[in-house]
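Written out below as structure tokens is the structure these notes cover.
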Amino acid sequence: MMRRCFQLFLMVCLFLPNLPAQRGGELRFCLRAEPKTFNPVIVTDEPSEIIRYLTGGVLLRVNRQTQQVEPELAVSWKILQQGRKINFKLREGLSFSDGTPFSAEDVAYTIRTLMDPALHSPTADSFRSSAGPVKTTVSGTYRVAITFPAPVAGLERLFDQVAILSSRSPRREMAVLGPFFTAEYKPGAYVLLKRNAYYWKRDENGESLPYLDSIRLEIQQNREIEFLRLERGQIHLIDRLDPEFFDRLAAESPSSVHDAGPSLNSEQMWFNQVPTSPIPAYKKVWFESRNFRRAISESIHREDICRVVYHQHASPAVGPVSPANRFWFNAALKPHPFDPRGALRRLEEEGFRLQGGVLRDRGGHPVEFSLITNSGNKPRELMAAMIQQDLGQLGIRLNVVTLDFSSLIERISQTFDYEACLLGLVNVDLDPNSQMNVWLSSASNHQWNPNQKSPATNWEAEMDRLMRAQASVIDAGKRKAYFDQVQQIVWEEAPFIYLVNTNSLSAASPSLRNVSPIVMLPQTSWNAERLCFASQTARSQP
Amino acid sequence: MRKQRQFALGILVVIFSVSLMARVFAPAPYARQFRQSPNAPPSRQFLLGTDELGRDRLSRILVGSQVSLLLAPAAALLSTLLAALVGGVAGTLGGWWERLAMGAADLFLSLPWLFLLLTVRAMLPLNVSPLLSVVITFALLGSLGWAAAARVVCAGARGLRTSDFILQARACGCRSLRLLTKHVLPSLKPALYAQFWISIPVFILAEANLGVLGLGVAEPLPSWGNLLRELENYRSLLADPWLLAPLVLMVLVVSCFQIIIPLEDFPS
Amino acid sequence: MWIQRIARNLLVILITVLLGGLLGATLVRVAPGFGVDEQLLDARLSQDSIQALQHSRDAERNILLFYARYLAGVFHGNLGVSHTLGRPVAQLLAERLPVTFYSVSIGLLGGWLLGLALALPAAMYRFKAYDLSSTLLSGLFLCLPSAVLGIVFLFVGGPAPLAIALVVFPKVFRYARNLLLQTYGLPHVVTAQAKGLSGARVLLWHVLPPAAPQILALAGVSLSMAFGAAIPIEVIYSSPGIGQLAWLAALGRDLPLLVNLTVLVTVLTLMANTASDLANAACTSQPQ
């Protein structure tokens with residue numbers, strides 16, 4: 001009898017999703033550092049970006065799930081003059097969180113504030129394909145046109161980062177158009193976001209969004225503690241869950257964990273190819289040799305790294321773009337194979353000889369170099385130790401040096417006093433145009449040899465040409481063809497040795513509904529306006 | 001007490017000898033990653049299990065003891081001697097010497113020495129030999145860690161300045177240096193022993209923290225300090241108690257060091 | 001006489017604090033990674049922005065000028081603005097000092113109570129078994145990394161001050177045990193005990209006075225020990241105090257914040273040690 005009742009109850013629960021959503025409740029999750037600013041135009045760090053995503057209203061939103069651009073505050077848009085100009089038609093009758101009406105004047109004000117040259121905001125710099133002023137023209141209460149000095153590739157996607165400020169509200173940047181607004185901030189402790197009563201979006205049943213009453217962002221650096229709090233029900237979501245915690249939680253409560261497959265991020269290492277660096281000349285010769293770099297890449301056992309360090313929650317990486325970036329990934333490329341014999345052959349072509357367990361170059365120098373990485377990142381430290389053993393099989397002695405982040409950055413961008421570096425790349429944007437400063441030889445993020453006066457090698461010159469070409473056309477197909485070639489060159493020359501693409505792991509409390517974790521950030525709260533709790537009983541506040 | 005002392009001494013001798021011949025006793029090469037069995041529980045092949053990269057924990061504890069057991073006591077000795085020197089001289093001489101020395105001690109306690117350590121790391125070549133890096137690290141720790149004990153020693157020496165036997169010694173024409181070494185410092189042994197005993201584990205742990213900055217031991221060399229960092233995974237402590245092995249060993253060694261202190265300094 | 005002494009001590013404190021601030025600032029300035037920002041790795045930034053970033057800390061490159069400006073600012077109540085948190089340092093300190101003050105003072109008190117409670121029986125009664133077990137216990141807490149202690153405590157639900165107390169107590173215990181043992185062995189104490197005086201009387205009138213100077217000095221330096229313990233504990237507990245601030249400032253090479261923190265710690269250390277010196281002087285000037 002009891003069993004029947006229970007089965008009936010389960011069946012009823014299965015049909016529950018069709019019932020209207022429960023409103024109310026407070027969602028809680030952690031920020032991994034203190035937010036630096038609440039002003040959306042100068043956001044640089046991740047916690048501030050999360051707050052901007054949840055509170056800011058944008059003209060166009062890149063749907064994190066479909067990776068397509070969707071209208072938000074703008075009902076329609078048109079790109080003119082090969083990407084130099086964009087016209088927006090805005091939604092009518094909207095208000096900011098304090099009641100101030102929204103109009104095209106606010107858009108113009110936001111763009112003017114953002115494009116202020118003194119600001120040096122990364123969001124603004126994404127639009128700056130060349131120097132010159134940005135003009136905004138307001139033609140009517142709900143129509144605005146923005147003209148750039150030169151065409152901007154992937155223009156519409158960039159507006160996903162531009163949260164509109166109010167030009168008139170006395171609350172200035174605290175008046176927002178997003179689903180939530182910042183109600184309270186206790187430094188070092190938490191940020192409290194409350195439901196924006198003036199939010200314009202409605203769900204399919206006509207109910208106003210968001211369903212949640214508030215979101216509490218606890219500031220917690222330690223991941224062990226964050227995980228502990230999730231287990232205790234004190235928080236509901238974790239983004240970028242560590243693989244170890246994923247496995248632990250999967251054993252206890254399989255419905256709480258989600259593996260959305262490869263993320264956009266990769267871990268890579270590279271060699272210092274700056275000609276004026278203080279490293280010995282014979283080492284510079286090694287690092288500039290393509291065969292040397294390819295040999296190193298082919299002697300690293302990526303599968304072992306995925307298995308041991310990431311517990312199978314990672315896959316060998318191919319290049320700067322991960323397979324999760326469906327449109328831009330060059331599917332013709334495969335990761336460098338694990339082939340120590342082939343690696344040794346490549347090295348022998350360059351005059352290296354393996355004698356008595358020690359690899360020596362033409363001049364008789366034993367091959368020994370250091371690999372720097374940042375401390376405090378456990379997976380990276382483990383990876384470095386594994387690479388050390390893999391290279392040891394080839395007679396290469398690798399010295400792993402962990403440094404604090406500031407010292408590391410100083411070495412790789414100012415003094416160039418390093419030999420090899422292991423770091424990760426966090427890709428926020430799908431469009432490779434945001435990586436322009438990585439592939440252009442004259443740019444500062446061209447890590448292995450930045451700020452070149454003229455390209456040091458033919459392949460770097462070719463990459464410069466291809467990157468400029470993809471930035472100057474609008475047609476996505478043509479741009480992809482150019483960027484595919486860039487990926488091919490990177491694969492051949494291996495200036496960056498790509499190791500793994502980590503998977504997007506996240507955890508969500510089973511009491512939440514409409515959670516669908518994805519690959520792009522924010523993984524679990526990208527649809528915060530649609531998240532709600534499964535039952536109406538208020539979560540107990542610890 | 002004698003039996004206890006002898007027993008403790010015996011344990012220390014055994015541990016020291018095993019650690020000197022660690023590579024002989026280690027069942028597997030300490031750096032070898034058995035990638036098919038990471039985080040393995042104890043078995044015949046791996047008596048204390050393996051770590052995250054599949055390296056034999058027992059071998060790593062044995063080899064790690066070479067660094068920690070040999071260098072940490074040396075650094076502790078250095079800091080104790082410096083404390084004795086600075087505190088003793090300051091307390092015996094008194095006046096402006098004392099004020100200067102204690103002012104320096106206070107500064108040593110307050111300055112952010114982290115940045116000095118970072119600077120030292122930056123001055124060393126990236127491919128520095130692990131032995132040199134570790135020796136430099138412990139030398140730095142020893143030369144920075146004297147300040148707290150110096151204050152205690154100075155206070156003690158100051159108290160003795162006016163005591164009977166010191167006055168008597170002075171009356172006999174005893175010079176300051178002799179006064180210091182033969183009469184003052186022996187009375188301050190309790191504080192010095194405490195400093196030495198405390199410094200050993202503190203330096204072992206500090207070396208692990210400095211590993212984060214690029215100082216200390218470098219991969220794949222283990223040290224007890226960085227083996228203890230495995231304990232930060234608190235959940236595993238309950239499930240895998242063999243992780244506590246380095247901690248147990250360290251507590252044992254540290255306690256033995258204290259028990260072997262000669263009794264003559266604590267007459268009963 | 002006392003006023004002269006206190007005035008002299010205050011002068012010494014002032015000079016030491018000024019010197020400490022300058023030395024601390026120099027250490028930060030000279031260390032690698034000064035003036036670099038994590039943002040340099042953001043591929044979206046244009047060349048102009050990167051240049052601007054690299055020159056943003058130019059005002060701090062001349063450390064003497066920076067320090068002079070800082071001191072001038074202090075007289076107006078302006079302690080500078082933090083780079084990493086973007087807020088005035090005075091505000092940050094005012095917010096966070098009470099948190100740390102609370103946990104450090106309770107931690108220190110707890111550490112001393114625990115340390116003395118374990119040391120006194122060891123010195124007074126000298127049971128072999130007790131001595132051994134207290135040595136093992138204090139050894140255990142001394143060998144446990146603060147990070148591990150903090151995490152285990154947080155897991156169990158213990159408060160941060162207790163974690164600090166557990167880090168401080170083994171050191172207090174060891175010093176106190178050794179000092180008291182030595183004092184109990186002094187001739188006049190042995191005589192007093194032989195005369196049949198009660199344990200309490202012996203302790204208060206014959207043991208504590210000679211041991212007082214070193215124990216008081218230890219009390220002074222234990223403040224530094226407690227601060228040192230507070231940093232990792234506060235980071236683990238995510239407790240918004242001075243310890244966490246110091247750690248953030250160190251990572252970000254935040255010079256304005258670090259100078260202020262060094263000055264603050266120097267002032268507190270000096271005050272604690274001067275207080276213990278004065279107490280010592282007061283004790284020894286009284287007739288035995």
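Excluded from the calculations below are hydrogen atoms, water molecules and symmetry mates; all remaining heavy atoms, backbone and side chain alike, are included. To find a chain, count down the sequence lines: A is the first, B the second, and so on, and within it residues start at 1.
You'll find the side chain of A:E410 stays beyond 4.5 Å of the side chain of C:L40, heavy atoms only. The shortest side-chain heavy-atom distance between A:N437 and C:Q47 does not fall under the 4.5 Å cut-off.
Separation of atoms CD1 (A:I409) and CG (C:D37) is listed at 7.5 Å; rounding is to 0.5 Å. Taken to the nearest 0.5 Å, the CG atom of C:L45 stands 8.5 Å off from the OG1 atom of A:T44. Between atom NE2 of residue A:H120 and atom CD of residue C:Q51 there is a gap of 10.0 Å, rounded to the nearest 0.5 Å.
When all heavy atoms of A:Q221 and C:S238 are compared, the closest pair comes out as N-OG, 3.7 Å. Of all non-hydrogen atoms in C:A43 and A:V438, the two that sit nearest each other are CB-CG2, 3.8 Å.
Neither the backbone nor the side chain of A:E231 comes within contact range of chain C; no heavy atom of the residue lies under 4.5 Å from a heavy atom of that chain. For A:S442, the part sitting under 4.5 Å from any heavy atom of chain C is the backbone (N, CA, C, O) and nothing else. Heavy-atom distances place the side chain of C:Q39, and not its backbone, under 4.5 Å from chain A. In this structure, no portion of C:S239 lies under 4.5 Å from any heavy atom of chain A. Interface remark: A:I219 contributes backbone atoms only to the contact with chain C (heavy atom separation under 4.5 Å). Residue A:L423 touches chain C through its side chain alone, counting heavy-atom pairs closer than 4.5 Å. Only the backbone of C:F34 comes within less than 4.5 Å of a heavy atom of chain A; no side-chain atom from C-beta onward does. Of the two parts of A:N433, neither the backbone nor the side chain holds a non-hydrogen atom closer than 4.5 Å to a non-hydrogen atom of chain C. For a residue to count as touching a neighbouring chain, one of its non-hydrogen atoms must lie under 4.5 Å from one of that chain's; by this rule A:I412 touches chain C with the side chain only. Contacts of A:N445 with chain C are made by side-chain atoms alone, with heavy-atom separations under 4.5 Å and no backbone atom involved.
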Problem set entry | Test side chain to side chain contact (heavy atoms under 4.5 Å, CB included) applied to A:Q447 and C:L41, step by step | CA-CA 9 Å; A:Q447 294 299 357; C:L41 295 182; 3.4 Å; yes

Exercise. Are C:R44 and A:M436 close enough, and set up right, to give a side chain to side chain contact (heavy atoms under 4.5 Å, CB included), and what steps lead you there?
Worked result: CA-CA 8 Å; C:R44 295 174 291 174; A:M436 196 66 152; over 6 Å; no

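With chain C as partner, the option from A:E224, A:R128, A:Q414 having the largest number of non-hydrogen pairs under 4.5 angstrom is A:Q414. Considering only heavy-atom pairs separated by less than 4.5 Å from chain A, the leading option among C:L248, C:L251, C:D42 is C:D42. Here A:S407 is the residue among A:A189, A:A131, A:S407 with the most heavy-atom pairs under 4.5 Å with chain C. If you tally non-hydrogen atom pairs under 4.5 Å between each of A:Q220, A:K186, A:R411 and chain C, the highest count goes to A:Q220. For the options A:A33, A:A443, A:S444, heavy-atom pairs under 4.5 Å to chain C are most numerous at A:S444. Taking chain A as the reference chain and counting heavy-atom pairs below 4.5 Å, the highest number among C:E38, C:E95, C:Q244 is found for C:E38.
Distance alone, capped at 3.5 Å, places no donor-acceptor pair between the A:N222 side chain and the C:I236 backbone.
The local environment of CZ in A:R172 is sparse, with at most 12 non-hydrogen atoms from other residues, nucleotides or ligands closer than 6.0 Å.
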